[in-house]
Amino acid sequence: MVAQALPLTLAALSCHRVLLLGPESVPSFGASGTQARDWRFVGMAAGLFVITNLLLQVPVTATFLFLQLDNPGLLSMEHDTISAIGRFAALPAIYVACRYSICLPAIATDRPMRMRQAWACTRGYGMRLLLLIGVSPWLLHFVQRSLADLFASDTDYAIASNLMFWLFLPLEIALLSICFRRLDQVDVAA
């Protein structure tokens with residue numbers, strides 16, 4: 001997982017730089033991990049991952065514990081139902097992560113932002129960020145899983161699933177860049 005996460009994170013950094021600063025801001029083969037900015041970006045991405053996962057533990061565990069006590073047959077429910085309940089319980093943690101995620105394009109543009117600044121910058125935009133950055137990937141994942149029955153084999157589905165991942169990931173990164181640009185313009189105007 002770490003072997004895949006580092007190149008993907010550097011690719012996200014390159015996407016942010018190209019979208020926000022132009023193609024000349026990135027070397028031919030993208031960010032390489034040789035600059036301090038690259039490692040700040042990787043560190044922030046890893047920190048957001050850890051914080052989000054820690055924040056997820058309490059509400060998701062509490063929700064499933066409550067539901068399991070109330071409905072002992074919960075674990076026998078179909079996977080999609082359990083997944084939907086877990087995602088609903090995760091919304092508060094994802095909300096926090098979405099507001100802090102604005103730090104990533106800020107680092108990519110060489111204007112690092114403290115977590116407190118990110119929170120202040122996104123004040124009044126939290127629900128929009130949640131929908132655009134937090135919920136839209138879930139919807140894309142739902143569409144992706146819904147297509148599973150259309151394929152003749154698991155191999156065909158795996159290929160299509162990976163193709164969708166690689167098509168949608170840059171779009172999700174671009175969406176975060178666009179949100180950052182908009183919030184940056186609002187912040188400058190204020």
Side-chain angles (χ1 to χ4, degrees), residues 1-2 4-13 15-16 19 41-42 44-68 71 74-106 108 115 118-119 121-151 154 156-183:
M1 184 172 151
V2 172
Q4 184 182 15
L6 182 60
L8 284 174
T9 304
L10 292 174
L13 168 63
C15 285
H16 285 304
L19 290 166
F41 190 91
V42 168
M44 177 59 75
L48 283 172
F49 177 80
V50 169
I51 288 168
T52 302
N53 281 294
L54 289 174
L55 290 172
L56 284 172
Q57 300 306 314
V58 174
V60 172
T61 303
T63 300
F64 281 113
L65 183 62
F66 174 76
L67 290 173
Q68 185 63 27
N71 180 4
L74 176 69
L75 294 179
S76 64
M77 295 173 102
E78 85 179 58
H79 175 72
D80 288 339
T81 304
I82 291 175
S83 180
I85 292 169
R87 288 174 191 243
F88 183 76
L91 283 175
I94 300 303
Y95 173 85
V96 171
C98 288
R99 289 195 57 186
Y100 286 138
S101 68
I102 214 72
C103 291
L104 294 170
M115 302 283 266
W119 196 260
C121 178
T122 58
R123 184 175 290 123
Y125 295 93
M127 292 307 287
R128 292 178 198 155
L129 289 170
L130 176 66
L131 290 173
L132 292 171
I133 300 168
V135 175
S136 65
W138 289 349
L139 294 176
L140 294 173
H141 181 71
F142 174 76
V143 168
Q144 179 183 345
R145 288 187 43 85
S146 298
L147 295 175
D149 294 337
L150 299 176
F151 295 96
D154 289 342
D156 292 343
Y157 172 69
I159 291 169
S161 176
N162 279 312
L163 182 63
M164 288 179 73
F165 172 80
W166 290 108
L167 287 173
F168 289 134
L169 182 63
L171 295 175
E172 293 168 14
I173 294 166
L175 193 54
L176 179 56
S177 288
I178 292 166
C179 289
F180 171 75
R181 179 178 287 150
R182 173 72 177 128
L183 289 169

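These numbers come from a predicted model, not from an experiment. Positions are given from 1, in the same order as the sequence printed here.
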Worksheet entry | Main-chain N/O of Cys98 paired to Ser101 side chain as donor or acceptor, under 3.5 Å | yes
Response to the item:
Rounded to the nearest 0.5 Å, the OH atom of Tyr157 sits from the CG atom of Leu150 at a distance of 10.5 Å
Discussion item. Give me the atom names and distance for the closest heavy-atom approach of Leu48 to Ala97.
Written reply: CD2-O, 4.4 Å
Worksheet item: Around Met115, counting heavy atoms of other residues, nucleotides and ligands shown, do more than 12 lie under 6.0 Å from its CE?
Response: yes
Worksheet item: How long is the span from the CG atom in Leu139 to the CZ atom in Phe168, to the nearest 0.5 Å?
Response: 11.0 Å
Fill in: Ring geometry between Tyr100 and Trp119 (parallel below 30°, tilted from 30 to 60°, perpendicular above 60°)
tilted
Fill in: Phe41 to Leu104 - nearest heavy-atom pair and separation
CE1-O, 3.2 Å
Worksheet item: In Å and rounded to the nearest 0.5 Å, what is the CG to CZ distance from Leu54 to Phe49?
Response: 10.0 Å
Discussion item. If I compare all heavy atoms of Ala45 with all of Thr9, which pair ends up nearest, and what's the gap?
Written reply: CB-CG2, 3.8 Å
Worksheet item: Is it true that atom CZ of Phe88 has more than 12 heavy atoms of other residues, nucleotides or ligands lying nearer than 6.0 Å?
Response: no
Worksheet, complete the sentence: Of all heavy-atom pairs linking Trp166 and Pro170, the shortest is O-CD, 3.1 Å
Worksheet item: Between CG of Leu8 and CG of Leu13, what distance do you get to the nearest 0.5 Å?
Response: 12.5 Å
Worksheet item: Rounded to the nearest 0.5 Å, how far apart are CD1 of Ile94 and CG of Leu130?
Response: 8.0 Å
Item to complete: Write down the atom of Pro105, the atom of His16, and the distance for their closest heavy-atom approach.
Response: CB-ND1, 3.8 Å
Response to the item:
Smallest heavy-atom separation, Ala93 atom then Thr52 atom, equals CB-O, 4.1 Å
Fill in: Candidate list Leu169, Val143, Ile159, test side-chain contact (heavy atoms from CB on, under 4.5 Å), partner Met164, passing option
Val143
Practice prompt. Apply side-chain contact (heavy atoms from CB on, under 4.5 Å) to the pair Leu129 and Leu183, showing each step before the final yes or no.
Written response: CA-CA 10 Å; Leu129 289 170; Leu183 289 169; 4.2 Å; yes
Fill in: Reported CD1-to-CG distance for the pair Ile178 and Leu132, which is rounded to 0.5 angstrom
9.5 Å
Worksheet item: Is there a donor-acceptor pair under 3.5 Å between the side chain of Arg181 and the backbone N or O of Leu19?
Response: yes
Worksheet item: Taking C-beta and beyond as the side chain, do Tyr95 and Met127 meet within less than 4.5 Å on heavy atoms?
Response: yes
